[in-house]
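This report refers to the structure that appears directly beneath it.
Below, chains carry the letters A, B, ... as their sequence lines are ordered, and counting in each starts from 1. Basis for what follows: all heavy atoms, side chains included, without hydrogens, waters or symmetry-related copies. Model, not experiment: these values are computed from the prediction.
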There are 2 protein chains.
Amino acid sequence: MATIADVASAAGVSRSTVSGVLNGNWDICSQETRIRVLDCALKTGYQRSNAALVLSTGRTNVVAIGCERPDDPHPARMLAAANDLAQSMGFDVILIPLGKHQDVTMYLSQRRADVVMVAKAISLAEDLLDHISAPHQIVIAAGPRAGDTPRRILCSYWHDQTGIRCVLEHLVSLGHTRIAYLAGTRAGMRMTYFQEAAAVFGAEGIALTTEDEDDKMVAGAEMARRTLDMRPRPSALFARTDAIALGALHAVQEAGLRVPEDISIAGYYDFAYSRYLSPSLTSVYTPFTKCALAVLTEALQALKRDPVVSPEPRAIEFPTELRVRGSTGPAPV
Amino acid sequence: MATIADVASAAGVSRSTVSGVLNGNWDICSQETRIRVLDCALKTGYQRSNAALVLSTGRTNVVAIGCERPDDPHPARMLAAANDLAQSMGFDVILIPLGKHQDVTMYLSQRRADVVMVAKAISLAEDLLDHISAPHQIVIAAGPRAGDTPRRILCSYWHDQTGIRCVLEHLVSLGHTRIAYLAGTRAGMRMTYFQEAAAVFGAEGIALTTEDEDDKMVAGAEMARRTLDMRPRPSALFARTDAIALGALHAVQEAGLRVPEDISIAGYYDFAYSRYLSPSLTSVYTPFTKCALAVLTEALQALKRDPVVSPEPRAIEFPTELRVRGSTGPAPV
DNA sequence: CTGTTAGCGCATTCAC
DNA sequence: GTGAATGCGCTAACAG
C-alpha cells in the first residue's frame, strides 16, 4: 500500500502538502502543485489508512447502536434506516448487545465509537454519559419512554402508556369489558400500563404470561388458547406484539371462533405484514424509526461541525397511532 | 485516559512488560510483577486504545457484511445471528450496501475490515479477492448459488434452482397445469429457474412482474389480481417471497376465492410468520443463516490462529426444504 | 525476565 | 507556499 509519504515523494512535495490537498484545503498550495499531487495520489493508488486517521484524530466514524432482538421486524426496520443514514454521512454502524452494562460502556471508554445510541427504554441511556472518554463523543437514545425522561442527553421517544390507552379505549368503546393482555415472557411496564388503562376505562384486565417465547407465535397461540377456557371468556385479546397477536389469531381461528365476531384481537407495533392478515390486524404504530433517525441525524450533523458542539439535551416526543382494522369489532352480546 | 505508559511507570516496569501481561503472555515476567501490573492497570483505569491497536497490528476486528434489504425477515435473521457470533468472538459487524462495487472493495483496500462477507448471490464475491491489501484479510460468501461457483474463496450456498423445482414438482403433482410466478420488480435468475422448472414438469409458466415493490404485499396483491382476470385462470400462484405471497393471499381471499380450494399459493424463504397465516403458507426454507454462520465461523477461527491461515477455498452446499402447508392443494377440476 | 528502540500512517504544529 | 518535526498509543524485535 502506498502511504502519504510515497505520494509526497512522487510529487516532489512534503507530506503535509499532500495531506492538505487531499483534505480539500484549497489555500495551501498552488494550483499546479495541487494537480500534481492529485495525479500522483491516483497513480500510486494511494488509499488513506483508516487506522492512522483514527489514531491521529481520535475520531472513529462509528455509531454504536444498542438494540435488542435486531431481527424483530420493528427494530430491523429502524436499524436498516439508521444504517443507511449513517453510511450516507460516512459513518459505520455496529450493533452491540444491550445485556451487560460493560459491553456498552466499552465503546465509549475505549473510544470505539463517536456516537452511542440506545435503542430501547430511553431511561437507560443517561448513565452512559459518565463513560465518555473523548470530548466529541455523543450519547443519544430512542425508544419507548418508561420512567423518567433523561434530561442530560438528546433523546426521542413515544409513550407506550398512550399507545396502550388508545387500544383499551377503542376496545371498551366497542363494548368489551373483559380484556386479556398477552404479555409473553416480558411482563414489564407495558403490562402495568395495561392494568392502569383497563382500570381507567372500567374494563376487567386479565394479564397472561408464558415461560418461553422463543417463537412468539407459539407463545401467542398458547396464551390465546388459555383465554378460550376462561369463564366468562374475555371478548378481546390485546397482544404485546403483532407476532404474538398473529399466533393468537391463528389459535382462535383454529378453535373455530370468528375474529372479530366472537373475539377481537389487537396487536402492538404494527408490523408491515399486519394489515394483510385475515382479518387485518388492529395495531398501534410506534415511531421507532422516526425517533432513531431524528436523534441520529442531529448527532451526526454535530460531529460534522468543527468544533463539535454536542446536540442540545432534550426529549422529543413522537406520537403513537392506533390503526383500527378488521380484527377488532363490537363485543358479542 | 491512562495510557500504557502510565501503567508502566506506576508499576515501575516498562511498557512492553505491561503489554505482555495485558495480552496474557504468561511467561514474560514474574508472578509478583504481573500482579503489580494488573493492579496498577486497574487503579489507573487503563483502557487500551483500539485505534492504536489497529494501527499497530493492522487488524481491525471488524467483519463487513454486504447485504441487501437488511430489514427483510430473511436477511435480518441472518444478520442478527452473524452479529451474535462475531461479537462473541470479539469482532464488530458493519453492514455495507452492495450497490456500488467501490463501496465494498474499500473495506478491503483501506484495511477497514478483516473479513468481508458477501451475503447475496455468491458469484459476486470472488472479484473482491483482488482488492485484498493485507495478508490476513479474508473474503467469504453466503447466499444463493447463481451461475458459477467461486473456486478461490470459501463460500456456502443453496440452490434456488432446486428450491424452485421442488415447488413446481409439488404443484404439478397436485394437478396444477397453469402456474403464475409473481416476481415483483426483480426478475432475476429465479424467474429463469421458474420457467425451466415449469417446462421440465410440463406446466405452463406465466411470469408476472411489477414496476414497484416498495411494499411487497401491495405488489403481491396487485400481481395476484392480474392473474384472476386471466382466462384460463392460473390455478396456482408462486411468489418470489413470502411477503409477496401474503399480499397475493390477501387479494385472492378479498376477491372471494378460497385458498387452496380455488387457488393454491406458495411462497419462498419461509418467513417466521408464514406458517401462522390462514391458511398457513406452503414455502421453501432457504438456509441463509446456516450458510452465513458456517463460513463466518471458519473465517473468524482462522483469524484467531497465529499466523492466520486463510480458510481452504471451497463451496459448501446446504439444502433447501419444501414446507408443504395449507395454502396449496389439489387443482380445481 | 526486563527495558529500550523503532515503526504503524496520519494530522498538526511550527519554522522556513 | 512549503517542509521538517512531533505526537497519537500500541506492538514487536531487540539488547541487556
Side-chain angles (χ1 to χ4, degrees), chain A residues 1-38 40-41 44-61 109-112 114 133-136 306-308, chain B residues 1-37 40-41 44-61 109-112 114 133-137 306-308:
Chain A
M1 275 295 301
T3 77
I4 201 172
D6 299 329
V7 181
S9 72
V13 299
S14 76
R15 297 183 312 202
S16 51
T17 309
V18 177
S19 174
V21 169
L22 262 38
N23 287 326
N25 234 324
W26 285 90
D27 39 321
I28 201 171
C29 68
S30 67
Q31 204 51 249
E32 307 93 61
T33 332
R34 167 184 321 292
I35 295 182
R36 193 150 34 90
V37 166
L38 255 27
C40 289
T44 54
Y46 170 73
Q47 303 262 95
R48 108 223 236 135
S49 152
N50 196 59
L53 193 74
V54 171
L55 180 58
S56 179
T57 62
R59 312 274 289 257
T60 57
N61 293 322
S109 60
Q110 294 186 2
R111 293 197 179 88
R112 291 172 60 144
D114 294 335
S133 64
H136 71 270
D306 190 44
V308 172
Chain B
M1 276 294 299
T3 75
I4 199 172
D6 299 330
V7 180
S9 72
V13 299
S14 76
R15 298 183 313 202
S16 51
T17 308
V18 177
S19 175
V21 169
L22 262 39
N23 288 325
N25 235 324
W26 286 89
D27 38 321
I28 204 172
C29 66
S30 67
Q31 205 50 251
E32 308 91 64
T33 338
R34 166 185 324 291
I35 294 180
R36 191 152 34 90
V37 166
C40 290
T44 55
Y46 171 74
Q47 302 264 96
R48 107 224 240 139
S49 151
N50 195 59
L53 191 74
V54 171
L55 180 59
S56 177
T57 61
R59 312 275 289 258
T60 57
N61 292 322
S109 61
Q110 293 185 1
R111 293 196 179 88
R112 292 174 57 142
D114 294 336
S133 64
H136 71 271
Q137 288 179 316
D306 189 43
V308 172

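- For the pair A:Arg59 CZ and C:dC10 C1', the interatomic distance rounds to 15 Å; values are reported in whole Å.
- Among B:Ile4, B:Asp6, B:Thr33, the one residue that satisfies the side chain to side chain contact (heavy atoms under 4.5 Å, CB included) test with B:Val18 is B:Ile4.
- A:Arg111 has its CZ atom 10 Å from the C1' atom of D:dC8, to the nearest Å.
- Interface remark: the A:Arg15 side chain does form a donor-acceptor pair with the D:dT6 base, using a distance-only criterion of under 3.5 Å.
- Judged by closest nucleotide on DNA chain C, B:Thr17 is the one of B:Thr17 and A:Asn23 placed further toward the 5' end.
- For B:Asn61 and D:dC10, the CG to P distance is 15 Å, given to the nearest whole Å.
- Counted by atom type alone, A:Arg112 and B:Asn61 present zero donor-acceptor pairs between their side chains at under 3.5 Å.
- Using a 4.0 Å heavy-atom cutoff across all strands shown, B:Ser16 reaches at least one base atom of the nucleic acid.
- Sequence order on DNA chain D of the closest nucleotides to A:Ser56 and B:Ser19 puts A:Ser56 first from the 5' end.
- Side-chain contact between A:Val308 and A:Arg59 is present, with heavy atoms from C-beta onward closer than 4.5 Å.
- Dashed line: the shortest gap from a side-chain N or O of A:Ser14 to OP1 or OP2 of D:dG3 is under 4.0 Å.
- A:Arg48 has a side-chain polar atom (N or O) that falls below the 4.0 Å cut-off from OP1 or OP2 of C:dA11.
- Using a 4.0 Å heavy-atom criterion, one finds that B:Val54 contacts no nucleic acid atom at all.
- Nucleic acid contact for A:Leu55: base, since at least one base atom lies under 4.0 Å from a heavy atom of the residue.
- A distance-only check finds a donor-acceptor pair linking the side chain of B:Arg111 to the backbone of B:Ser133 [under 3.5 Å].
- Side chains of B:Ser16 and B:Ser19: no donor on one and acceptor on the other come within 3.5 Å.
- When rounded to the nearest whole Å, the span between CG of B:Asn25 and C1' of D:dC10 equals 15 Å.
- Rounded to an integer number of Å, the gap from B:Arg34 CZ to C:dC1 C1' is 11 Å.
- Nucleotide C:dG3 holds its C1' atom 13 Å from the CD1 atom of B:Ile4, rounded to whole Å.
- If you take CZ of B:Arg36 and P of C:dC1, they are 14 Å apart, rounded to a whole angstrom.
- At the phosphate of D:dT2, OP1 or OP2 sits under 4.0 Å from a side-chain N or O atom of A:Thr33.
- Of the candidate nucleotides D:dC10, D:dT2, C:dT2, D:dC10 has the atom lying nearest to any side-chain atom of B:Tyr46.
- Here C:dG9 presents its C1' atom at 13 Å from CD of B:Gln110, a figure rounded to the nearest Å.
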